[in-house]
Amino acid sequence: MANLSQIKREKMLKFLETLKEQHSDDESLIAINQIENELTSKKYGLVWEEHEEEVDVKMRTHIPVFTEVKEKEIVGDPKSEQCNFLLEGDNLHSLKLLEKTHKGKIDVIYIDPPYNTGGKDFIYDDTYVNSEDLFRHSKWISFMDERLRYASKLLKREGVIFISIDDNELYQLKILCDEVFGAENFIANLIWAAGRKNDSKYVSISHEYILCYAKSLSLLKENKVVWKERKQGIEDIYREAEYLKKTYGSDYEKMSLELKVWYKNLPANHPARNHSHYNCIDETGIYFPSDISWPGGGGPKYEVLHPVTGKPVKVPNRGWVYPTKERMEEVISQNLVHFGKDESSVPCKKTYLASNETSTPYSVFYKDGRAATKRLRSLMGEVAFQNPKDVDILSSIFEFSSNNDSIILDFFAGSGSTAQAVMELNRKDGGNRQFILCTNNENNICENVTYQRVKTVITGIRPDNSQYSEGIPVNLKYYKTDFVDKTSEEIYDELLEHIREMIQLQYGVNVDNQKYIMIMDDDEMDEFEKHFDEYKDIEVVFINQDVLLSTSQEKLLQNINTKIIPNCYFDFELREVGELW
């Protein structure tokens, strides 16, 4: 395809040559040469040769639309009115349509774009971009720039985006994101240590990155948003403590000793080792003995007796943290003070793990990179998909960055890890998050991998009909991107045929003409009025803005949640071809 930047530059330089012929005086030539130097020099920041894609060219003559594939709909939870969406097609077309339904509405975006390794991971205009391509990086940046600008429009003001990447494009992506989202909205570059690789001759690359930007970091700070995640490994600690309780009954001293041994024997990279200071157990739970002295010193130094020896214990140099002896005795009576074997040691506060299960996410974390592939195989057997993303990592990200009712978008959906992460997180915390996935169907990936994985998680049945799990009851709609020719004489009617898909996507519901009803013309409105008594559980009536309501119909709709279907779904395109004024 055309190198647009080069064409523009050559056109301007040619014009400058014409000016040189017309203006031969020194002052004019100096000025023209300065302009020429500016055109041919690079500026600070990200400069690349802008490239045009076939998908852009397609939109010059055709309008992208969604068509629902009804036979791929999954109704996993008939009682729920919420739908999730899988959008098959080029993600640029899907993003353009999502701008019409979800502008400023997406809470969290996670994407895992092609890393542009120079191998067979990045296709540009139906051709793999290899390491010999002189415009390899420019093509990738052009590809990402357009999509990230749509992503920025889709994010809520409190929204955030996470982008997986490796060293091949990390630095270009960081500068590009600074331009698209604003350098002031950069939150962090998370580093995922995924385990050693032994195929390198020099340095074993064992990590990749997840760039994180906010739509407005200042707003997050203003709203005092704090990210917390459940500490990794604590479930294993709880399981070990339960085992020790069953084994040793009420011998808490023995349990505490065995818990210390358990920590010591864990693998070096086990996340529970980060919490090995929680190494004591009593009847309340697992705790660690923390400092009981007055912060900064100068605290009170009253006498405290050891509960066994009856002698005064050693007083901390900075004094007790509790201001009065009465308060200290109250805390001791609640069994919240840890005493040593005798009075020779300073007591400690008991800080329980159950009260400190969350922490601010670390920028560096470890998770074996092979686990995601094993998990996908357990779901679907051997599938032709390289490097699926880890569900647990995504679930953790969504847990600290989203709310229970957030909308989560992944427009490089790949194997569908994002959908599984959202579903499992909802099951874990009772949330009602919605996911929207976009992916192409290259090598049948959308139909045979993404869709099949989501279907397996929802139904609990693998593609080979074997049992995977009990399933997670959610609903899924499957859309394909289609096109309407801008030169069509029936363009208005053809676009109206795809309005139902847009309504369902915007509101996350199923327009079933029972609870959610769509009325597109006067005849349909008359029929609705005629059979109104047959409708029992109307939630919303969507009415085309061109429908003319009679007085009786207006009265009928007074106590019904009514939403006008806007031309804005396609009004720009209709105006462009002269169908609207």
Side-chain angles (χ1 to χ4, degrees), residues 224 226-362 365 400:
K224 298 181 180 179
V226 178
W227 284 355
K228 294 288 184 181
E229 67 174 345
R230 190 170 173 83
K231 292 175 179 176
Q232 300 295 315
I234 65 172
E235 298 303 334
D236 291 330
I237 300 173
Y238 283 134
R239 276 192 291 269
E240 180 63 17
E242 282 300 312
Y243 166 76
L244 293 174
K245 285 182 179 180
K246 290 178 182 178
T247 305
Y248 298 107
S250 59
D251 189 347
Y252 297 112
E253 184 176 351
K254 180 65 174 175
M255 280 186 250
S256 299
L257 289 173
E258 290 298 320
L259 185 59
K260 292 179 177 69
V261 172
W262 178 78
Y263 279 123
K264 187 176 181 180
N265 291 332
L266 288 174
N269 56 18
H270 197 293
R273 290 180 70 98
N274 294 325
H275 318 300
S276 58
H277 51 295
Y278 286 94
N279 54 25
C280 295
I281 301 176
D282 66 8
E283 59 268 28
T284 302
I286 308 163
Y287 70 91
F288 84 89
S290 59
D291 189 10
I292 202 169
S293 64
W294 192 276
K301 295 187 176 183
Y302 43 77
E303 185 179 88
V304 174
L305 301 180
H306 192 278
V308 177
T309 68
K311 297 178 181 180
V313 299
K314 186 176 180 181
V315 178
N317 293 331
R318 295 188 299 184
W320 300 111
V321 71
Y322 302 111
T324 65
K325 185 173 183 178
E326 290 74 22
R327 174 59 181 151
M328 172 65 87
E329 289 174 348
E330 180 184 353
V331 174
I332 293 172
S333 70
Q334 296 170 347
N335 196 23
L336 297 177
V337 176
H338 174 92
F339 287 92
K341 289 187 176 181
D342 56 37
E343 69 280 358
S344 63
S345 60
V346 177
C348 298
K349 287 195 300 182
K350 292 183 179 181
T351 299
Y352 287 93
L353 179 58
S355 301
N356 296 274
E357 292 184 341
T358 62
S359 62
T360 302
Y362 291 106
F365 57 91
F400 67 69

For this session: Report, as yes or no, whether the 6.0 Å neighbourhood of atom CG on N317 holds more than 12 heavy atoms from other residues, nucleotides or ligands.
Result: no
Interatomic distance, [X] atom [atom1] to [Y] atom [atom2] [nearest 0.5 angstrom]:
| X | Y | atom1 | atom2 | value |
| --- | --- | --- | --- | --- |
| I281 | L259 | CD1 | CG | 4.5 Å |
| T284 | L336 | OG1 | CG | 7.0 Å |
| K341 | H306 | NZ | NE2 | 10.5 Å |
| K260 | L257 | NZ | CG | 6.0 Å |
| L353 | C280 | CG | SG | 12.5 Å |

Exercise. Does any pair with a residue in residues 266-293 pass ring-ring contact (aromatic ring centres under 6.0 Å, His included), and if so which ones, sequence neighbours excluded?
Worked result: H277-F288, Y278-F288, Y287-H338, Y287-Y352
Name the atoms and distances for all side-chain donor-acceptor pairs under 3.5 Å in residues 242-252, with sequence neighbours left out.
unit_1: T247; atom_1: OG1; unit_2: Y243; atom_2: O; d: 2.8
unit_1: D251; atom_1: OD1; unit_2: K254; atom_2: N; d: 3.1

Please list, one pair per line, the donor and acceptor atoms closer than 3.5 Å that link side chains of residues 321-329 to other protein atoms, with sequence neighbours excluded.
unit_1: T324; atom_1: OG1; unit_2: R327; atom_2: N; d: 3.1
unit_1: R327; atom_1: NH1; unit_2: E330; atom_2: OE1; d: 3.3
unit_1: R327; atom_1: NH1; unit_2: E330; atom_2: OE2; d: 3.4

Exercise. What salt bridge (Lys or Arg N to Asp or Glu O under 4.0 Å) pairs are there with at least one residue in residues 311-324, not counting sequence neighbours?
Worked result: D291-R318
For this session: Scan residues 266-277 for pairs that pass salt bridge (Lys or Arg N to Asp or Glu O under 4.0 Å), counting only residues two or more places apart or in two chains.
Result: none
For this session: Could I get the full list of side chain to side chain donor-acceptor pair (under 3.5 Å) partners for K349, not counting sequence neighbours?
Result: none
Between [X] and [Y], is any pair of side-chain heavy atoms under 4.5 Å apart?
| X | Y | answer |
| --- | --- | --- |
| L266 | D236 | no |
| N274 | Q232 | no |
| N279 | P289 | yes |
| I332 | V304 | yes |

Problem set entry | Distance-minimising heavy-atom pair for W227 and F400 | CD1-O, 3.0 Å
For this session: Using atom types as modelled and distance alone, determine if a side-chain donor or acceptor of W320 lies under 3.5 Å from a backbone N or O of Y302.
Result: yes
Exercise. Any side-chain donor paired with an acceptor under 3.5 Å for K231 and N356?
Worked result: no
